[in-house]
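So the structure is just underneath, and the comments pick up after that.
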Amino acid sequence: MRGIVTRFAPSPTGYLHIGGARTALFNWLFARRHGGTFILRIEDTDQERSTPESVVAILEGMTWLGMTWDEGPYYQTERRELYREEAKRLLAEGKAYRCVCTPEELDRRREAARAKGEKPRYDRRCRDLPPSGAEGKPFVVRFKAPLSGTTIVRDLLRGDIAYENEELDDLVLLRSDGSPTYNFVVVVDDATMGITHVLRGDDHLNNTPKQVLLYEALGTLLPRFGHFPLIHGMEGGKLSKRQDDVSVMAYRDRGFLPEAMVNYLVRLGWGHGDQEIFSVEELTRIFSLESVGKSPSRFDPEKLLHLNAHYIKTGNPERLAALLVPFLGKRGFDVEPSPWLVKAVRTFQERSRTLEEMAESSEFYFLCKDPDPKAAEKFFTPEMAPVFEEIAREFADLPDFTPAAMEPVLHRVAEKTGSKLGKVAQPMRVALTGGTVSPGIFEVMDVLGRDEVIRRLSRASRRIRGA
RNA sequence: GUCCCCAUCGUCUAGUCCGGCCAAGGACACCGCCCUUUCACGGCGGCGACGCCGGUUCAAAUCCGGCUGGGGACGCCA
């Protein structure tokens, strides 16, 4: 007995998206919370659309978010014999039948049913066909679902949901090429893998009664089910790749931290009083299905940004520096993590919402940018040239080039010209960073270092003097 | 169309199970003010919701029914 066993079973037809990631997260947290087992299973029964690249992308996304699986990844393509055996058994037991209707015919009938305002589903015309009737023709294997009665789905989040069996359909178990379909493999796999809790999106709720019937036909124990609401895009409705940013890895590439992503995702549909910030470690202790909401939630990039800013602000600067390196590289700065870089990072932790923003705004640390034209016009006035020169001279004579030592210099110079610190600080900022927005001027100088500061001040004064 | 699910600020949510503690709390966003060498951070304040109608009850965001609205599913996709 392994206690609780959950699984995440994505189909490898694209990258790991926001919705899938949250499904995985809930399953993972639930297993961790109860000391259970979390299984990763790749549902690659759709030969047409499954790709090995997608598998890699999904594993990469899981790993980035820190979700470790205890078993798998299992691949359904490697378990085909099992499904075939089970289908054969159902056929032999009269719980399934061969259907020779062609996809085209089915399409036509579905359309006709829809036109008449009926529920489009299989009319079961092959259900009682003698085995000889399928002779020589391609066939699919269908499940012989009961025609009457009621099937109850016991859902952990929603309670009991009753379905009239006459509403249900005769599912295709095996396609005409012999490959199994989703609704079949999911039941066979969940049963044979001993999954105790099937936690998945709401979009599977209506499949569940059919699956329950299948479990019964197979003679296996039923897992517990829990269907949580879908995540909607900002426009409402299912997240769409078209109008919503849904790839998890795209967020990494834009400078989001995995802990921010996890924190955001878990709060979409789950709450714990008024608390907003959760570490992964804490989540694995307190996550509970009872606190998962029943109504759908919208994906709000603004709030994710806010959380990311929080984790950057409070994050370990050494780690952030290392994570920042590739973003700097993208902008053409070939830097290595170093104590100096860490110091630079510290000056931006409180003013960056993403690593990408940090890389962008910290560019001036790596090259002496030309001043922004408007800023230069406003702050590089003729009287600033001698001020810059004097400050440079005094800096050169300072025994230690520390913020504590620099500060009196600026105050003295400011007083001499009868102005406040701001009058000097802002032009200095333009001279040193090229713009009017930056970390505190003393912090900036501390990172830049004495030589570079003097160099940039001289450059600015030369510029003012028109040299 | 049929079936299923859902319904508290613009958004994420607390409260709903066990009606009174809720003239509904927190967070994001937005708007002010304060702090301040810029920008941020931070602090303070503001804006802002129980979808509607009925019922039960001394009392309903909380229980019941209907309506409306939103979403999902109806594949040889998963």
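The chains referred to below are lettered A, B, ... by the order of the sequence lines, with proteins before strands, and numbering in each begins at 1.
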Q.
Taking the P atom in each of B/rC50 and B/rU37, what is the distance between them to the nearest angstrom?
A. 45 Å
Q. Which listed nucleotide (B/rA40, B/rA78, B/rU11) is nearest to the side chain of A/Arg351?
A. B/rA40
(Q) Within the structure provided, determine whether A/Leu174 and A/Phe184 are in side-chain contact (heavy-atom separation under 4.5 Å). (A) yes
Q) So what does A/Arg158 hit on the nucleic acid, given a heavy-atom distance under 4.0 Å: a base, only sugar-phosphate, or nothing? A) sugar-phosphate
Q | A/Leu421 or A/Thr181, whichever maps to the more 5' nucleotide of RNA chain B | A | A/Leu421
Q) Out of B/rU37, B/rC39, B/rC28, which nucleotide sits closest to the side chain of A/Ile441? A) B/rU37
**Q.** Watson-Crick/G-U partner (both atom distances under 3.5 Å) of B/rC33
**A.** B/rG43
Q. When we call it a touch if two heavy atoms are under 4.0 Å apart, what does A/Glu43 touch: a base, just sugar-phosphate, or nothing?
A. sugar-phosphate
Q. What is the nucleic acid contact for A/Gly440, judged by heavy atoms within less than 4.0 Å: base, sugar-phosphate only, or nothing?
A. base
Q.
What is the separation between atom CG on A/Asp446 and atom P on B/rU37, rounded to the nearest whole Å?
A. 19 Å
Q: Rounded to whole angstrom, note down the C1' distance from B/rU62 over to B/rA29.
A: 29 Å
Q) What residues in residues 301-317 of chain A put a non-hydrogen atom under 4.0 Å from any atom of RNA chain B? A) A/Glu302, A/Lys303, A/His306, A/Lys313
Q: For the residue pair A/Tyr182 and A/His204, categorise the inter-ring angle as parallel (less than 30°), tilted (30 to 60°) or perpendicular (more than 60°).
A: tilted
Q: Rounded to the nearest angstrom, tell me the gap between atom NZ in A/Lys294 and atom P in B/rC17.
A: 11 Å
Q: Would you indicate, yes or no, if B/rA78 has its OP1 or OP2 atom less than 4.0 angstrom from a side-chain nitrogen or oxygen of A/Thr45?
A: yes
Q: Go ahead and name the base partner of B/rG51; Watson-Crick or wobble counts if both distances stay under 3.5 Å, otherwise write none.
A: B/rC67
Q.
With a 4.0 Å cut-off on N to O distance, would you call A/Lys303 and A/Asp300 a salt bridge?
A. no
Q. Donor-acceptor pair under 3.5 Å: do we get one between A/Gln275's side chain and the base of B/rG26?
A. no
Q.
Could you check whether A/Arg429 and A/Ser438, counting side-chain N and O atoms only, form a donor-acceptor pair closer than 3.5 Å?
A. yes
Q.
Tell me whether the side-chain N or O atoms of A/Ser176 pair up with the base of B/rC76 as donor and acceptor below 3.5 Å, since no angle test is needed here.
A. yes
Q.
Nearest to the A/Asp274 side chain among B/rU11, B/rA78, B/rA14, which nucleotide is it?
A. B/rA14
**Q.** Distance, C1' atom - from B/rG42 to B/rA59, rounded to whole angstrom
**A.** 43 Å
Q | B/rC18: pairing nucleotide in any strand, Watson-Crick or G-U under 3.5 angstrom | A | none
Q | Pairwise C1' distance for B/rA24 and B/rA60, with rounding to whole Å | A | 13 Å
Q. In terms of the nearest nucleotide of RNA chain B, which residue is placed more toward the 5' end: A/Ala425 or A/Asp300?
A. A/Asp300
Q. Do A/Leu40 and A/Pro10 have side-chain heavy atoms sitting under 4.5 Å apart?
A. yes
Q. Quick one: is B/rA78 close enough that its OP1 or OP2 comes under 4.0 Å of any side-chain N or O from A/Thr13?
A. no
(Q) Does A/Glu377, at its CD atom, have more than 12 non-hydrogen atoms belonging to other residues, nucleotides or ligands within less than 6.0 Å? (A) no
Q | Touch class at under 4.0 angstrom, heavy-atom based, for A/Gly435 against every strand present | A | nothing
Q.
Rounded to whole Å, how long is the line connecting atom CD of A/Glu111 with atom P of B/rG1?
A. 15 Å
Q. Counting only Watson-Crick or G-U wobble pairs whose two distances fall under 3.5 Å, which nucleotide matches B/rA61?
A. none
Q: With A/Arg142 as the cation and A/Tyr97 as the aromatic partner, state whether NZ or CZ is under 6.0 Å from the six-membered ring centre and within 45° of the axis.
A: no
Each nucleotide N or O in nucleotides 66-75 of chain B that has a protein N or O under 3.5 Å away: list the pair and distance.
residue, atom, partner, partner atom, Å
B/rG71, O2', A/His232, NE2, 3.3
B/rG72, OP1, A/Lys238, N, 3.2
B/rG72, N2, A/Asn206, ND2, 2.4
B/rA73, OP1, A/Lys238, NZ, 2.9
B/rC74, O2', A/Pro120, O, 2.8
B/rG75, OP2, A/Arg110, NH1, 3.4
B/rG75, OP2, A/Pro120, O, 3.0

Q. Roughly how many Å is it from CG in A/Asn263 to P in B/rC28, rounded to a whole number?
A. 12 Å
Q: Evaluate whether atom CZ of A/Arg154 has more than 12 neighbouring non-hydrogen atoms of other residues, nucleotides or ligands under 6.0 angstrom away.
A: no
**Q.** Nearest-Å distance once atom C1' is located in both B/rC28 and B/rC74
**A.** 37 Å
Q) Sub-3.5 Å donor-acceptor pair from the side chain of A/Arg89 to the main-chain atoms of A/Leu218, do we have one? A) yes
**Q.** Cation over ring face, A/Arg254 and A/Tyr251, 6.0 Å, 45°
**A.** yes
Q. Checking all strands, does A/Pro209 fall into the base, sugar-phosphate, or nothing category for heavy-atom contacts under 4.0 angstrom?
A. nothing
Q.
Applying a 4.0 Å non-hydrogen cut-off, can you work out what A/Asp155 is touching in the nucleic acid: base, sugar-phosphate, or nothing?
A. nothing
Q. Would A/Tyr365 and A/Thr433 count as having a side-chain donor-acceptor pair, cut-off 3.5 Å?
A. no
(Q) Determine whether the aromatic ring centres of residues A/Phe8 and A/Trp28 are separated by less than 6.0 angstrom. (A) no
Q | Integer-rounded Å distance: B/rA7 P and A/Leu157 CG | A | 11 Å
Q: Mind checking A/Thr436 for me? I need base, sugar-phosphate or nothing, with any heavy atom below 4.0 Å counting as a touch.
A: base
Q.
With a 3.5 Å limit on both atom pairs, tell me what B/rG1 is paired to, counting Watson-Crick and G-U wobble, or say none.
A. B/rC74
Q: Using the C1' atoms only, state how far B/rC21 lies from B/rG15, rounded to an integer number of Å.
A: 11 Å
Q.
What contact category does A/Tyr264 fall into here, base, sugar-phosphate, or nothing, at under 4.0 angstrom with non-hydrogen atoms?
A. nothing
**Q.** C1'-based separation of B/rC41 from B/rC22 [nearest Å]
**A.** 33 Å
Q. Which part of the nucleic acid, if any, lies within contact of A/Ser361, taking any heavy atom under 4.0 Å across all strands shown: a base, the sugar-phosphate backbone alone, or nothing?
A. nothing
Q. Taking 4.0 angstrom as the limit, do A/Arg79 and A/Glu81 come out as a salt bridge?
A. no
(Q) Rounded to whole Å, please give me the gap between CE in A/Met445 and C1' in B/rU37. (A) 10 Å
Q) Between A/Arg267 (CZ) and B/rA29 (C1'), how many Å, whole number? A) 15 Å
Q.
The side chain of A/Glu167 is closest to which nucleotide in this list: B/rC12, B/rC3, B/rC4?
A. B/rC3
Q.
Determine whether a donor-acceptor pair (one donor, one acceptor, N or O, separation below 3.5 Å) exists between the side chain of A/Arg298 and the base of B/rU11.
A. no
(Q) Could you tell me how far apart A/Arg353 (CZ) and B/rC28 (P) are, to the nearest whole angstrom? (A) 13 Å
Q. Between A/Arg456 and A/Leu448, is any pair of side-chain heavy atoms under 4.5 Å apart?
A. yes
Q | Integer angstrom distance from the P of B/rC63 to that of B/rG19 | A | 9 Å
Q. Choosing from B/rU38, B/rC41, B/rC6, which nucleotide comes nearest the side chain of A/Glu350?
A. B/rC41
